[in-house]
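Here is the naming used below: chain letters follow the sequence lines, and residue numbers restart at 1 for every chain. Computation of the quantities below employed the complete heavy-atom set of this structure, encompassing side-chain atoms and omitting hydrogens, waters and symmetry-equivalent molecules.
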Amino acid sequence: MHARGVIMATSMNMDKAYDAHKAEGKWYQYWLDQGVFDAEVNPTKKPYCIVIPPPNVTGVLHMGHALDETIQDLLIRWHRMRGFEALWLPGTDHAGIATQNVVEAMLGEEGLTRHDLGREKFVQRVWAVKEEHHSQITDQLQRLGVSVDWRRERFTLDEGLSRAVREAFVRLYEEGLIYRGERMINWCVRCGTSLSDLEVNHQQRQGHLWYIRYPAPDGGPGLVVATTRPETMLGDTAVAVHPDDERYGDMIGKTVILPLMEREIPVIADDYIDPEFGTGALKVTPAHDPNDLEIGQRHNLPSVVAIDRNGKMTSDTKQYAGLDRYQCRQQVVGDLQQQGLLEKIEDYEHTVGQCQRCDTVVEPLISTQWFVKMAPLAEEGLAAVRNGAVRFVPDRWTKVYEDWLENIQDWCISRQLWWGHPIPVWYCDDCGELTCTREDPTECTHCGSRDIKQDPDVLDTWFSSALWPFSTLGWPDQTPELQYFYPTSVLVTGYDIIYFWVARMIMMGMHLCGTEPFGEVFIHGLVRDERGQKMSKSRGNAVDPLELIDEYGTDAMRFGLTQLITHGQDLTYAPDRMVGARNFCNKLWNASRLVLMNVEGAEQVNLDKADLSLADRWILSRHNRMLAELNRQLSAYNSAQAADLLYDYVWGEFCDWYLEIAKLDLYGEDAERQATVQNILRHLLSDILRALHPFMPFITEEIWQRLAPEAGSIVRQSYPEADRRWYDEPAGADVSRLQSAIVAIRSLRADLRLPPDQKVAVTVTASRAEEADMLASQQDIISLLAGVESLQVRTAPAEPPANALTAVVSGAQVHLHLAGTIHPAQEIQRLRQDIADRESQRQRSQKKLDNEEFLTKAPAEVVAKERDRIEEVEQDIAKLQGQVQVLEAMIDDE
RNA sequence: GGGCGCUUAGUUCAGGGGGAGAACGCUACCUUGACACGGUAGAGGUCGGUGGUUCAAAUCCACCAGCGCCCA
């Protein structure tokens with residue numbers, strides 16, 4: 001038995017409007033206290049696991065994170081309710097260079113640099129900043145309602161993950177997949193570190209093409225080269241032309257004088273040269289351009305370093321030494337001009353590489369760094385996708401992933417930073433060998449010398465990220481968690497980090513664990529601001545989700561975002577969208593309020609189909625159809641369609657129709673009907689709340705606790721599934737016609753501007769007897785929903801009534817009687833407009849049916865549908881014309 | 001230069017070969033015992049352009065224009 005008083009209390013104290021903040025304040029702590037998000041190794045259940053894309057501890061979450069977390073929470077809560085052991089593992093990323101930059105900027109405001117503090121103090125400072133941001137991020141996540149297992153939270157620099165990083169590095173080193181070498185790398189002169197290719201953004205810039213003459217040693221004209229970077233000429237060691245270029249045939253093998261440096265450099269021939277570009281002669285600077293380096297290596301050219309790691313000119317540039325690279329450019333151009341060697345300057349658009357973190361133009365430099373040999377790993381990564389172990393949703397990202405892996409370059413993983421995982425390598429001062437071990441060594445493994453020093457560099461932050469799906473579960477130990485939850489189920493992220501992160505996780509997972517890190521990758525779009533700019537903290541256009549949460553509530557924001565999710569398509573930040581979702585929350589709240597106020601004392605009994613009304617059978621059918629489609633859409637990651645289904649069903653069918661109809665029985669005299677409807681409402685509301693819970697966790701818990709307080713948190717209830725036994729197409733067809741009749745009457749009323757409380761008399765002429773019976777049996781509903789006080793139902797053929805407004809709907813005509821208030825001429829005009837509309841429809845159908853090819857080539861069902869359509873339209877037109885005649889007769893009588 | 005995506009109602013966006021959809025906004029009427037964050041009835045689009053395929057194109061194909069992203 002239900003405690004009547006409890007139910008009374010629960011519905012009575014519901015506010016008239018839903019107050020999101022009141023409800024959202026209390027449930028998160030309740031969930032934590034109840035441990036409903038905790039997941040355990042549980043062999044009796046199937047695991048479902050998502051590792052969170054760890055937010056950077058640098059900053060705070062923006063709308064992009066809100067989107068990402070909303071999708072994941074939807075999936076996790078849905079699976080948890082479907083009986084999976086669902087683990088959503090939270091954590092944050094130390095975000096090496098990004099975080100270091102943030103803290104350096106803070107120091108800058110105090111007039112300090114990291115060197116003023118020293119490495120140890122600086123790192124301490126970063127940890128302090130990390131703690132601060134971490135608590136802010138945690139707060140944001142909790143406000144979002146994420147159902148993560150906080151007990152398992154990880155940080156990429158914590159002890160366990162550091163051990164995983166160490167193990168991965170040493171193992172790859174031992175396998176020869178990590179090596180140290182001198183290569184051309186991208187150098188950020190501001191950050192003072194090397195960067196991987198991915199950390200360089202290429203941007204179009206308006207620049208110049210300078211044409212510089214390199215004279216012959218004998219004072220002859222020599223040749224002219226074109227360059228976008230004149231300052232690098234100070235490091236030139238050759239001029240290259242295409243071997244087939246007739247203009248320069250006789251120059252090949254000779255030398256020219258490098259102006260300003262007055263060095264003699266050779267003219268060489270190389271297929272790489274594009275004769276169409278500039279003058280067809282390319283200045284070769286092996287130390288400062290990757291292509292020039294390759295040419296230099298092919299031709300054994302010396303390398304002259306002209307620019308140092310601070311972006312300043314080296315002593316090898318003689319009179320230019322010490323100048324900043326851009327000052328030097330001006331100086332070089334001026335000097336060339338003075339010497340008459342600058343032939344011309346053209347405007348030229350070209351791309352420059354910029355540091356992803358600080359936008360400084362990146363300098364290509366030759367440097368000794370640590371690299372991961374990618375080709376073998378890429379093979380494994382490609383295989384994982386090609387054999388179906390990893391599936392991208394939507395599929396088109398597969399090609400993006402494959403293209404990158406097929407053309408992959410080795411990955412520079414060492415960074416000249418202080419914040420990050422140290423490189424586990426020690427150099428011996430005595431024998432010069434290096435030691436790379438899992439435990440910190442005390443002596444050189446080669447000569448035993450104790451004179452060893454650890455590599456001062458740290459690892460690219462993405463190296464630890466690449467291990468995230470298994471390092472968080474305990475790898476390299478074979479923990480029960482790793483065995484149970486790995487491979488994880490799905491990775492949810494934006495397409496902007498497919499290369500940075502997704503691809504690297506797949507490669508590392510395959511290589512280090514032997515299996516893929518996740519079976520599916522759901523790629524969503526990025527959130528853009530109102531002007532279409534990508535939202536990010538560095539651009540300063542990031543919106544804190546808490547702003548929207550404060551304004552509309554978490555559930556509304558989540559639901560609004562969910563409705564905007566499409567497969568990999570970017571979405572524009574549209575706060576207006578949240579208004580609709582907020583309104584929906586209120587609708588759900590009030591519908592629940594109505595139900596809760598009326599289910600007091602209702603017993604939970606099995607519903608017997610024989611006791612059900614047409615409307616009952618209809619809503620149960622629609623309800624279960626919706627549930628089937630809902631689960632289907634969720635399985636396909638179509639969360640927006642899933643959300644729309646629920647929205648349309650709850651508002652458009654449950655509230656707009658069924659609840660209104662149910663009032664007849666709820667407030668009626670028939671106790672049995674009342675009990676039946678109460679049971680149905682209880683059942684439907686229970687399903688609706690559980691179905692909506694993954695989308696809107698707070699409001700559904702708030703209402704659930706009033707509907708079924710004895711059941712415990714809604715988080716752990718089962719997700720509703722369709723019950724096919726309730727499918728009822730005949731009821732659907734009948735209610736559809738019933739609705740048409742009601743809408744037609746309402747529409748006629750609106751045309752006359754009748755106030756709601758003015759009841760009308762209506763005659764319905766049904767085209768068939770069954771139709772008439774059905775409508776007659778539902779006259780209470782028609783009366784209630786269309787404001788009808790007297791309803792007469794009859795079967796055609798029947799004389800059209802005089803003094804009535806008429807509308808023709810599928811299967812019936814409705815006549816609204818208004819003796820004395822009808823203006824026949826006006827009404828005729830309205831009917832003629834209706835006839836004209838239908839006539840154009842008729843003609844369109846007729847045209848199709850007159851087409852021999854349509855009849856022979858179109859599928860039979862399409863043709864049949866067209867025939868039905870024209871038949872119905874013709875009947876409607878005939879009815880409308882009949883009505884016009886009646887009205888014309890009225891005019892004649894006057 | 002190569003690749004991917006987008007262009008649908010005033011705005012933000014779904015849809016994806018057989019009669020154009022949603023949210024917000026707008027208009028009219030209505031504070032009816034769940035809800036004015038509401039109800040009822042409406043207005044609003046030659047689905048970027050031009051060709052082609054097809055019995056049938058907003059939907060498929062080609063080209064063009066504009067916008068955006070990724071890779072060199």
Examine distances only and state if a side-chain atom of [X] and a backbone atom of [Y] form a donor-acceptor pair shorter than 3.5 Å.
{"X": "A:Arg504", "Y": "A:Phe500", "answer": "yes"}
{"X": "A:Asn186", "Y": "A:Val362", "answer": "no"}
{"X": "A:Asn407", "Y": "A:Asp403", "answer": "yes"}
{"X": "A:Thr562", "Y": "A:Ala640", "answer": "no"}
{"X": "A:Thr398", "Y": "A:Asp395", "answer": "yes"}

Polar-atom pairs under 3.5 Å, protein N or O versus N or O of nucleotides 25-29 of chain B: list them with distances, or write none.
none

Check: protein-nucleotides 40-43 of chain B nitrogen or oxygen pairs below 3.5 Å:
from	atom 1	to	atom 2	distance (Å)
B:A41	O3'	A:Ser747	OG	3.2
B:G42	OP1	A:Ser747	OG	2.9

Please state how far atom [atom1] in [X] lies from atom [atom2] in [N], giving the value in whole angstrom units.
{"X": "A:Lys848", "N": "B:G17", "atom1": "NZ", "atom2": "P", "result": "15 Å"}
{"X": "A:Trp404", "N": "B:G2", "atom1": "CH2", "atom2": "P", "result": "23 Å"}
{"X": "A:Asp496", "N": "B:G5", "atom1": "CG", "atom2": "P", "result": "18 Å"}

Is it true that [X] and [Y] make a salt bridge, defined as a side-chain N closer than 4.0 Å to a carboxylate O?
{"X": "A:Arg632", "Y": "A:Glu629", "result": "yes"}
{"X": "A:Asp834", "Y": "A:Arg830", "result": "no"}
{"X": "A:Arg229", "Y": "A:Glu363", "result": "yes"}
{"X": "A:Asp616", "Y": "A:Arg673", "result": "yes"}

Can you tell me if [X] touches the phosphate of [N], counting only side-chain N or O atoms and a distance under 4.0 Å to OP1 or OP2?
{"X": "A:Arg577", "N": "B:A23", "answer": "no"}
{"X": "A:Trp651", "N": "B:G39", "answer": "yes"}
{"X": "A:Lys663", "N": "B:A34", "answer": "yes"}
{"X": "A:Lys587", "N": "B:G39", "answer": "yes"}
{"X": "A:Tyr401", "N": "B:C71", "answer": "no"}
{"X": "A:Lys16", "N": "B:C37", "answer": "no"}
{"X": "A:Gln563", "N": "B:A22", "answer": "no"}

Take atom CD of A:Glu660 as the centre, draw a 6.0 Å sphere, and report whether it contains more than 12 heavy atoms from other residues, nucleotides or ligands.
->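 Counting other residues, nucleotides and ligands, CD of A:Glu660 exceeds 12 neighbours.
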
Does A:Glu702 have any salt bridge (charged side-chain N to carboxylate O under 4.0 Å, His left out) partners at least two apart in sequence or in another chain, and if so, which?
->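 For A:Glu702 the salt bridge (charged side-chain N to carboxylate O under 4.0 Å, His left out) partners, ignoring immediate neighbours, are A:Lys26, A:Arg706.
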
Give A:Arg844 one of three labels, base, sugar-phosphate or nothing, depending on what nucleic acid heavy atoms sit under 4.0 Å from its own.
->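 Here A:Arg844 touches the bases of the nucleic acid.
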
Given the C1' atoms of B:C47 and B:C60, what is the spacing between them in whole Å?
->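 So the two C1' atoms sit 15 Å from each other.
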
Expressed in whole Å, how much space separates the P atoms belonging to B:G44 and B:G10?
->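 Approximately 11 Å lies between the P atom of B:G44 and that of B:G10.
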
Could you list by number each residue of residues 780-789 of chain A showing a heavy-atom separation from RNA chain B of less than 4.0 Å, or answer none if no residue does?
->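 Residues of residues 780-789 of chain A that come under 4.0 Å of RNA chain B do not exist, since none gets that close.
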
Tell me yes or no: between the side chains of A:Tyr495 and A:Asp570, is some donor less than 3.5 Å from an acceptor?
->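 Yes, side-chain donor-acceptor contact under 3.5 Å.
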
Kindly state whether the ring of A:Trp397 and the ring of A:Phe392 have centres lying under 6.0 angstrom apart.
->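 No, the ring centres sit 6.0 Å or more apart.
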
Return one dot-bracket line describing RNA chain B 5' to 3' (Watson-Crick or G-U wobble pairs, both distances under 3.5 Å; ( ) same strand, [ ] crossing, | another strand, . none).
-> (((((((..((((....[..)))).(((((.......))))).....(((((..]....)))))))))))).

Produce the list of close N/O pairs, under 3.5 Å, pairing protein atoms with atoms of nucleotides 59-62 of chain B; give distances to one decimal.
none

